[in-house]
Enquirer: 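Take a look at the following structure, please.
This is a predicted model, so every value here is computed, not measured. Just follow the structure's listing: the first ligand is 1, and inside any ligand the first atom is 1.
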Amino acid sequence: MKLIVAIIRPHQLPAVKKALYEAQVYAMTVTNAMGSGVGERYEETFRGVRHEVTLIKKLRLEIAVNEDFVDVTLDALIRGAKTGEPGDGKIFVLELPECIRIRTEERGPRAIS
Ligand SMILES: Nc1ncnc2c1ncn2[C@@H]1O[C@H](COP(=O)(O)OP(=O)(O)OP(=O)(O)O)[C@@H](O)[C@H]1O
Ligand SMILES: [Mg+2]
């Protein structure tokens, strides 16, 4: 099992969701996040004062998948989130040692989907 964590542009969420649904990936957690990648520092003036802005609104998607769904999930995330411009985001793939469906107490791959 893997936990796929993707940081994406908020505007890309509809396209990402569409791509994930097409890949038959329906279960996910989405949270608001703030982030800074390479080259995302810029300056903004607020009430006459210059501020260095280093954190930009992003969305964090967490998707737990079984091994046979890793590649299709990654492909869908890239297809939905990519504009080709700097700041498109990052995907992290983590080993997931355990998953438990609380209702049934199933564990492991059976509990994921
Ligand atoms: N190394 C990292 N660790 C943790 N979060 C990161 C990392 N790199 C990027 N992120 C997250 O992803 C968001 C988008 O990053 P971004 O797409 O700008 O990455 P990048 O490496 O600068 O690529 P690009 O050259 O396309 O801009 C960041 O705002 C941050 O939330
Ligand atoms: Mg960047």
Enquirer: Heavy atoms only: which of Val38, Ile8, Asp88 is nearest to atom 22 (O) of ligand 1?
Expert: Val38

Enquirer: Looking only at distance, does Gly89 have an N or O less than 3.5 Å from an N or O of ligand 1?
Expert: yes

Enquirer: Hey, is ligand 1 close enough to Lys58 that some N/O pair sits below 3.5 Å?
Expert: no

Enquirer: Applying the 4.5 Å side-chain criterion to the ILVMFWY set and letting contacts propagate, would Met1 and Leu3 be lumped into a single cluster?
Expert: yes

Enquirer: Do Val25 and Val93 share a hydrophobic cluster (ILVMFWY, side-chain heavy atoms under 4.5 Å, transitive)?
Expert: yes

Enquirer: Check each atom of ligand 1 against the heavy atoms of Pro86 and keep those under 4.0 Å away; list them by number with element.
Expert: 24 (P), 26 (O), 27 (O)

Enquirer: N/O of Gly87 under 3.5 Å from N/O of ligand 1, yes or no?
Expert: yes

Enquirer: How long is the span from the CZ atom in Arg101 to the CZ atom in Arg110, to the nearest 0.5 Å?
Expert: 9.0 Å

Enquirer: Backbone or side chain, does any N or O of Lys90 fall under 3.5 Å from an N or O of ligand 1?
Expert: yes

Enquirer: Does the shortest distance from the Mg ion (ligand 2) to an N/O/S atom of Pro86 fall below 2.8 Å?
Expert: no

Enquirer: Can you get from Ile91 to Leu96 by hopping between Ile, Leu, Val, Met, Phe, Trp and Tyr side chains that sit under 4.5 Å apart?
Expert: no

Enquirer: Please name all residues satisfying ring pair (Phe, Tyr, Trp, His ring centres under 6.0 Å) with Tyr26, sequence neighbours left out, ordered by chain then number.
Expert: Tyr21

Enquirer: Would one find an N or O of Phe92, backbone or side chain, under 3.5 Å from an N or O of ligand 1?
Expert: no

Enquirer: Start with the C-alpha distance between Lys2 and Glu95, add both sets of side-chain angles, then the distance that settles side-chain contact (heavy atoms from CB on, under 4.5 Å), and finish with yes or no.
Expert: CA-CA 5 Å; Lys2 295 276 194 291; Glu95 290 296 339; 3.0 Å; yes

Enquirer: With a heavy-atom distance limit of 4.0 Å, tell me whether Ala33 approaches ligand 1 through its side chain, its backbone, both, or neither.
Expert: neither

Enquirer: Side-chain donor-acceptor pair under 3.5 Å between Glu106 and Thr104, yes or no?
Expert: yes

